[in-house]
Each structure stands twice: as C-alpha cells, then as structure tokens.
Amino acid sequence: MRRTVLEKFPAGDPRGSRQAEEYARHRRNEGLAAEVVMDLDSDAFLVVVPQQQNSERDW
C-alpha cells in the first residue's frame with residue numbers, strides 16, 4: 001500500500017506523538033483517512049493518508 005505523508009513531527013519533542021495525533025484528528029474531521037505512524041529511520045511521527053489508486057490506466 002502506498003501512502004502520502006501530510007506532516008512530520010520529531011519523536012524527540014517533549015509532547016511526544018500528541019502533536020501528530022492532533023493534526024491527524026483535524027484531517028479526519030475534514031474527511032481524510034489520516035493516521036499516525038512512526039518512522040524509525042528518521043525518528044519521527046508521520047501523519048499519512050492512503051494514496052488513491054487511479055482506476056484508469058495509460059495503456
């Protein structure tokens with residue numbers, strides 16, 4: 001599954017994942033299927049949404 005990153009929040013922030021969770025909640029209230037995931041490589045919380053698959057193909 002491919003995802004689009006909407007925002008990135010440092011994991012070392014004193015508030016932890018709270019900022020990312022709040023941001024994701026606001027996006028869900030707007031109708032997006034936003035969720036928070038942890039990116040261990042960059043040590044950050046990412047707010048992501050599933051990438052829509054095109055139903056039309058260029059062939």
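Note: hydrogens, waters and symmetry copies are ignored here, and every other heavy atom, side chains too, is used. What you are looking at is a predicted structure, and each value in this text was computed from that prediction instead of being measured.
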Tell me the ring pair (Phe, Tyr, Trp, His ring centres under 6.0 Å) pairs involving residues 21-40, sequence neighbours left out? Phe9-Tyr23
Tightest non-hydrogen contact, residues Val36 and Ala20, listed as CG2-O, 3.5 Å
With a cut-off of 3.5 Å and sequence neighbours excluded, list every side-chain donor-acceptor pair involving residues 38-48.
residue	atom	partner	partner atom	Å
Asp39	OD1	Asp41	N	3.4
Asp39	OD2	Ser42	OG	2.7

Identify, with sequence neighbours excluded, every residue that meets salt bridge (Lys or Arg N to Asp or Glu O under 4.0 Å) alongside Arg28. none
Those residues that, when tested against Glu7, pass salt bridge (Lys or Arg N to Asp or Glu O under 4.0 Å) (two or more places apart): none
Once side-chain hydrogen bond (donor to acceptor under 3.5 Å, both in side chains) is applied, what residue pairs with a partner in residues 9-22 remain, sequence neighbours excluded? Arg15-Glu22
Which pair of heavy atoms, one from Pro50 and one from Ala33, lies closest together, and at what distance? CD-O, 3.4 Å
Measure the shortest side-chain to side-chain distance between Arg27 and Leu6 over non-hydrogen atoms and say whether it is less than 4.5 angstrom. yes
